[in-house]
Amino acid sequence: MAWISSSEDHLEWHDRDTPWSTSAFERQLKSLGRYYHLHHPFQQMMARGELDRDQLQGWVINRFYYQISIPRKDAALMANCPDPEVRRHWVQRMIDHDGRDEDPGGIDAWLRLGEAVGVPRERMLSLEDVLPGVRFAVDAYVNFAQQRPWEEAVCSSLTELFAPEAHRSRLATWPTHYPWVEADGLAYFRARLGQARRDVEHGLALTLNHFRTAEAQRRAMQILQFKLDVLWSMLDAMYLAYIVGMPPYQAVRDH
Ligand SMILES: O=C(O)c1cc(C(=O)O)c2c(n1)C(=O)C(=O)c1cc(C(=O)O)[nH]c1-2
């Protein structure tokens with residue numbers, strides 16, 4: 001059985017050689033939002049308040065590996081990009097995560113989120129509870145940015161089109177469902193609402209401008225689907241470990 005990332009059945013084409021107009025291309029990219037990790041059963045459970053403390057902690061711990069990898073991904077993209085105009089803009093993403101001067105940045109905000117859900121900094125920084133499947137998925141994203149042309153790496157960041165809805169959902173549901181999480185911990189999600197909007201305007205404009213032929217636009221759709229696969233696979237690994245109760249090597253340990 002083919003899963004969605006190997007199928008183009010859901011795309012609307014006039015014919016395979018005619019590119020979409022810019023607005024149709026944008027619409028097609030946005031249509032992939034239906035595969036965003038917001039709709040994964042793990043995040044659906046999170047939004048319904050069905051995760052216990054260990055499961056919520058597991059998500060925060062594993063997502064930390066994503067958080068620390070994003071600026072490495074952005075540095076790789078910039079290393080491949082000869083255009084100073086793009087780099088001047090893009091560098092802000094690294095500053096958002098790594099911080100500068102008085103601003104401790106997004107990685108630090110995620111560590112504070114960890115503390116708010118009861119995970120000490122040292123445990124999160126140790127990365128020892130990061131699941132192998134999450135590592136592989138996140139590393140695939142960093143490798144992609146290292147190995148592919150920078151415009152493809154820009155396109156791969158476009159899942160951020162859909163991220164504000166995920167942040168908003170957590171801000172809306174956590175205080176009710178997880179009242180034991182200290183409210184300050186949610187600052188990361190709040191900060192991302194504005195940052196993601198700014199980032200995505202830039203990334204989308206670059207993508208719409210660069211991928212112009214029908215073939216290139218198909219490639220852009222595949223790239224965005226690849227990134228959706230990264231995010232979905234991370235949650236698959238977490239679901240298996242924390243919801244099904246089958247972390248790696250469980251079967252071996254049980255014998
Ligand atoms: O919490 C989320 O659901 C979520 C998703 C994504 C994403 O779609 O990749 C990002 C973020 N958050 C995020 O906070 C963030 O800084 C970010 C950067 C990027 C990227 O690909 O460059 N994605 C995301």
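Source: prediction; values computed, not measured. As the structure lists them, so they are numbered: ligands from 1, and atoms in each ligand from 1.
At a 4.0 Å heavy-atom cut-off, ligand 1 does not touch Asp96 at all. At a heavy-atom distance under 4.0 Å, only side-chain atoms of Arg170, from C-beta outward, approach ligand 1. Only side-chain heavy atoms of His167 come within less than 4.0 Å of ligand 1; its backbone N, CA, C and O stay farther off. Looking at Phe162 against ligand 1, nothing comes within 4.0 Å, counting heavy atoms.
Set against the non-hydrogen atoms of Arg192, the atoms of ligand 1 under 4.0 Å away are 13 (C), 14 (O), 15 (C), 16 (O). Taking every non-hydrogen atom of Ser157 and a distance limit under 4.0 Å, the qualifying atoms of ligand 1 come out as 21 (O), 22 (O). Within ligand 1, counting atoms from 1 as listed, the ones closer than 4.0 Å to a heavy atom of Ala166 are 3 (O). Annotation for ligand 1: atoms under 4.0 Å from non-hydrogen atoms of Lys73 are 20 (C), 21 (O), 22 (O). Every atom of ligand 1 with a heavy atom of Leu231 under 4.0 Å away is listed here by number and element: 7 (C), 8 (O), 9 (O). With ligand atoms numbered from 1 in the order given, ligand 1 contributes 3 (O), 4 (C), 5 (C), 6 (C), 7 (C), 8 (O) to contacts under 4.0 Å with heavy atoms of Tyr36.
Residues Trp90 and His202 bring their aromatic ring centres within 6.0 Å.
Considering Trp90, Phe189, Tyr188 only, the shortest heavy-atom separation from atom 13 (C) of ligand 1 involves Tyr188. Relative to atom 17 (C) of ligand 1, the option among Thr159, Ile70, Leu38 with the closest non-hydrogen atom is Ile70.
Nearest to atom 9 (O) of ligand 1 among the protein's heavy atoms is Tyr66 OH, 2.5 Å. Considering only non-hydrogen protein atoms, atom 3 (O) of ligand 1 sits nearest to His37 NE2, 2.8 Å. Counting only heavy atoms of the protein, atom 24 (C) of ligand 1 lies nearest to Glu160 CG, 3.7 Å. For atom 20 (C) of ligand 1, the closest non-hydrogen atom of the protein is Tyr141 OH, 3.4 Å. From the protein, the heavy atom lying nearest to atom 12 (N) of ligand 1 is Arg63 NH2, 3.2 Å.
Using a non-hydrogen distance threshold of 4.0 Å, His97 registers as a contact of ligand 1.
Under the salt bridge (charged side-chain N to carboxylate O under 4.0 Å, His left out) rule, Glu160 has a single partner from Arg198, Lys227, Arg93, Lys30, which is Arg93. The side chain to side chain contact (heavy atoms under 4.5 Å, CB included) with Met46 is formed by just one residue from the set Leu51, Thr173, Leu38, Leu235; it is Leu51. Just one residue in the list Trp110, Tyr242, Tyr178 forms a ring pair (Phe, Tyr, Trp, His ring centres under 6.0 Å) with Trp59, and that residue is Trp110.
For ligand 1, one of its N or O atoms has an N or O atom of Lys227 under 3.5 Å away.
A side-chain N or O of Asp236 and one of His40 form a donor-acceptor pair less than 3.5 Å apart. With hydrogens and angles left out, the side-chain atoms of Tyr188 and Gln67 include a donor and acceptor closer than 3.5 Å. Asp96 and Gln92 share a donor-acceptor pair across their side chains, judged by distance under 3.5 Å alone.
The aromatic rings of Phe42 and Tyr239 lie perpendicular to each other, with more than 60° between the two planes, well past the 30° mark.
With Tyr65 as the aromatic partner, Arg135 meets the cation-pi criteria of under 6.0 angstrom to the ring centre and within 45 degrees of the ring axis.
No donor-acceptor distance shorter than 3.5 angstrom exists from the side chain of Arg192 to the backbone of Pro164, with no hydrogens or angles considered. Side chain of Glu26 to main chain of Leu208: no donor-acceptor pair is present (N/O by atom type, distance under 3.5 Å, no hydrogens or angles).
The shortest distance between side-chain heavy atoms of Ile223 and Phe211 falls below 4.5 Å.
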